[in-house]
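Note that the structure is predicted; figures quoted are calculated from it, not measured. Reminder, nothing fancy here: chain letters follow the sequence lines and each chain counts from 1.
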2 protein chains.
Amino acid sequence: MQRSVQTTSTTAPAMPAHAQVYLRLRDMVLYGDLTPGQAVTIQGLTERLSAGMTPVREAIRRLISQGALESRGNRRVSVPLLTAADISEIIVAREWLDPYLTRQAMTCLTAADIDALTRLDRALDGAIRQGDLRAYLHLNHQFHLHIYKLAQSPILSDLAEGLWLRFGPSMRVLCGRMGTQNLPDNHKQTLIAMQAGDADAAAAAIQADVRQGMDQLRASLSEGADYE
Amino acid sequence: MQRSVQTTSTTAPAMPAHAQVYLRLRDMVLYGDLTPGQAVTIQGLTERLSAGMTPVREAIRRLISQGALESRGNRRVSVPLLTAADISEIIVAREWLDPYLTRQAMTCLTAADIDALTRLDRALDGAIRQGDLRAYLHLNHQFHLHIYKLAQSPILSDLAEGLWLRFGPSMRVLCGRMGTQNLPDNHKQTLIAMQAGDADAAAAAIQADVRQGMDQLRASLSEGADYE
DNA sequence: CAATATGTAATTTGATCATATTGTCGCCGC
DNA sequence: GCGGCGACAATATGATCAAATTACATATTG
């Protein structure tokens with residue numbers, strides 16, 4: 001037997017294996033290592049992640065309960081294929097949640113916070129220039145996650161983060177289609193509004209960002225029919 | 001060893017044990033068999049539910065990811081103690097979600113649906129008269145769940161249902177304090193509005209119901225300090 | 001004669017359990 | 001009061017059992 005996920009010196013001081021597996025699997029969902037509709041097997045993941053069966057089972061179960069994976073009736077698990085109706089629901093939810101969390105974040109925003117967001121956005125620009133799709137997805141996600149964190153609203157942030165898990169795989173497909181050169185970046189308006197201390201403008205900018213991205217997603221879904 | 005969760009003739013034709021354990025544990029959270037702050041141990045549940053360890057582990061993990069349980073750092077799990085800030089977030093979320101889902105439900109509401117809701121509310125009245133706290137909690141939950149289902153918005157319904165898991169234990173404490181005689185029932189206005197086909201009024205009635213219940217919860221929490 | 005449908009066998013995969021391992025907490029002696 | 005020691009609970013593994021899908025072979029029909 002392999003020496004499992006044994007802490008390779010510095011990697012994981014005290015993080016249980018199921019948590020590590022969860023994080024890795026979640027990232028696979030978020031950043032497109034799994035395509036919509038793809039089957040997810042326990043044994044496949046035990047090999048791919050060289051982890052035991054129990055941690056993988058728990059991670060999968062956790063992601064199912066978050067909507068990142070779906071359990072087809074007969075003990076088979078797969079990455080959900082979003083319908084247009086699903087996307088519409090996610091749009092409704094995000095168009096409400098994201099501006100709300102942005103306003104919350106604005107109530108206690110420091111210059112350092114804006115700096116951190118600006119750095120993230122600059123890194124995002126770099127990823128776009130280099131056509132690094134995975135970095136783009138990651139940094140875009142980080143940008144919004146950072147706002148959620150600043151809002152200091154753990155429950156609402158949980159809801160918002162959960163939505164990302166649902167559209168992650170489809171977003172990857174969309175961006176893959178658009179080509180790596182003309183990926184959108186609508187964060188500039190948000191940063192300007194934040195620097196001006198204008199909560200209304202910041203919320204509106206975030207809402208526009210969300211709507212733009214999600215609308216593209218829905219359009220891509222309906223025109224591309226099913227991707228496989 | 002006991003004969004496990006073997007299908008006792010008719011009970012479970014093809015439901016895996018982990019699903020059964022999850023449902024039972026979820027109901028324990030929702031209807032107050034667990035009190036806020038209470039510790040939840042795996043081995044305790046394997047005995048109480050006479051189930052194996054693996055199904056219990058998975059059910060607990062699932063409920064943690066939904067916010068129904070929380071994992072304190074050191075491999076200890078407990079029922080969350082809500083803070084006033086937590087309640088405020090839940091209020092914000094429900095005041096938006098529940099009216100929205102009500103409006104959605106109104107778009108395709110049949111007379112049979114209203115009948116079903118009316119029956120649920122009548123049963124709720126009965127539970128109040130008899131002072132049956134558990135039935136009250138269950139039927140009140142069912143009433144709102146039914147509206148969610150009618151909205152045919154699986155993702156937003158998921159979000160709303162998840163919130164119930166968070167305040168379930170605290171709600172039980174609140175209702176236990178209020179005494180079993182004067183439990184609130186604000187569903188009448190909703191039913192009237194639905195019969196009139198007035199979506200605005202129905203949404204407003206639901207919002208009032210949510211706000212009233214949740215405000216009491218917050219008040220109970222802040223005055224009662226911590227309950228144990 | 002060929003092609004499709006059907007029923008069975010085999011392999012793959014999921015579910016559950018018993019057990020070994022590890023980390024945490026409480027206690028006792030120093 | 002502090003550090004090691006023992007008990008307990010959680011984590012993780014591999015094995016075992018059961019289910020389901022797949023493949024294949026046979027039979028039947030056009």
* Asked: How would you list all residue pairs meeting salt bridge (Lys or Arg N to Asp or Glu O under 4.0 Å) that involve residues 42-66 of chain A, not counting sequence neighbours?
  -> A/R57-B/E58, A/E58-B/R57, A/E58-B/R61, A/R61-B/E58
* Got a sec, which residues hit salt bridge (Lys or Arg N to Asp or Glu O under 4.0 Å) with B/D98, two or more places apart in sequence or on another chain? -> B/R94
* Structure fact -> B/D209 meets the side chain to side chain donor-acceptor pair (under 3.5 Å) criterion, sequence neighbours left out, with B/H144, B/H187
* Structure fact -> From CZ of A/R72 across to C1' of D/dT21 the rounded distance in Å is 13 Å
* Atom CD of A/E47 and atom P of C/dT12: how far apart are they, to the nearest Å? -> 11 Å
* Can you list the residues that meet the side chain to side chain donor-acceptor pair (under 3.5 Å) rule with B/E95, with sequence neighbours excluded? -> B/R211
* Report the residues that fulfil salt bridge (Lys or Arg N to Asp or Glu O under 4.0 Å) with B/D121, sequence neighbours left out, ordered by chain and then residue number. => B/K188
* Structure fact -> Numerically ordered, the residues 54-68 of chain B set in heavy-atom contact under 4.0 Å with DNA chain D is B/R57, B/R61
* Nearest-Å distance, OH (B/Y22) to P (C/dA15)? -> 16 Å
* Does OP1 or OP2 of C/dG23 have a side-chain N or O of B/N74 closer than 4.0 Å? -> no
Report, one line per pair, each donor and acceptor closer than 3.5 Å where one atom sits in a side chain of residues 77-91 of chain B; sequence neighbours left out.
| unit_1 | atom_1 | unit_2 | atom_2 | d |
| --- | --- | --- | --- | --- |
| B/S78 | OG | B/R72 | NE | 3.3 |
| B/T83 | OG1 | B/A85 | N | 3.4 |
| B/T83 | OG1 | B/D86 | N | 3.0 |
| B/T83 | OG1 | B/D86 | OD2 | 3.1 |
| B/D86 | OD2 | B/T83 | N | 3.0 |
| B/S88 | OG | B/A84 | O | 3.1 |
| B/S88 | OG | B/R218 | NH1 | 2.8 |
| B/E89 | OE1 | A/I155 | N | 2.9 |
| B/E89 | OE1 | A/L156 | N | 2.9 |

Grab the N/O contacts between the protein and nucleotides 7-9 of chain D below 3.5 Å, and write none if there aren't any.
none

* **Angle between terminal axes - the helix from C/dC1-D/dG30 to C/dC30-D/dG1, 5 pairs each end, rounded to 10°** => 20°
* Kindly give the heavy-atom pair with the smallest separation between B/G52 and B/V56, and that separation in Å. => O-CG2, 3.3 Å
* **Sequence-distant partners of A/Q66, side chain to side chain donor-acceptor pair (under 3.5 Å), two or more places apart** => A/Y22
* To do: Can you tell me which residue pairs pass the salt bridge (Lys or Arg N to Asp or Glu O under 4.0 Å) test with a partner in residues 18-45 of chain A, sequence neighbours excluded?
  => A/D33-A/R134
* **Pair listing, side chain to side chain donor-acceptor pair (under 3.5 Å) test, anchored in residues 149-167 of chain B, at least two apart** => A/D158-B/R166, A/R166-B/D158, B/Y148-B/W164
* To do: Would you mind telling me which residue lines up with the more 5' stretch of DNA chain D, A/M53 or A/P16, judged by nearest nucleotide?
  => A/P16
* Asked: Does the side chain to side chain donor-acceptor pair (under 3.5 Å) test come out yes or no for B/D115 and B/T118, once each step is laid out?
  -> CA-CA 5 Å; B/D115 265 8; B/T118 305; 5.0 Å; no
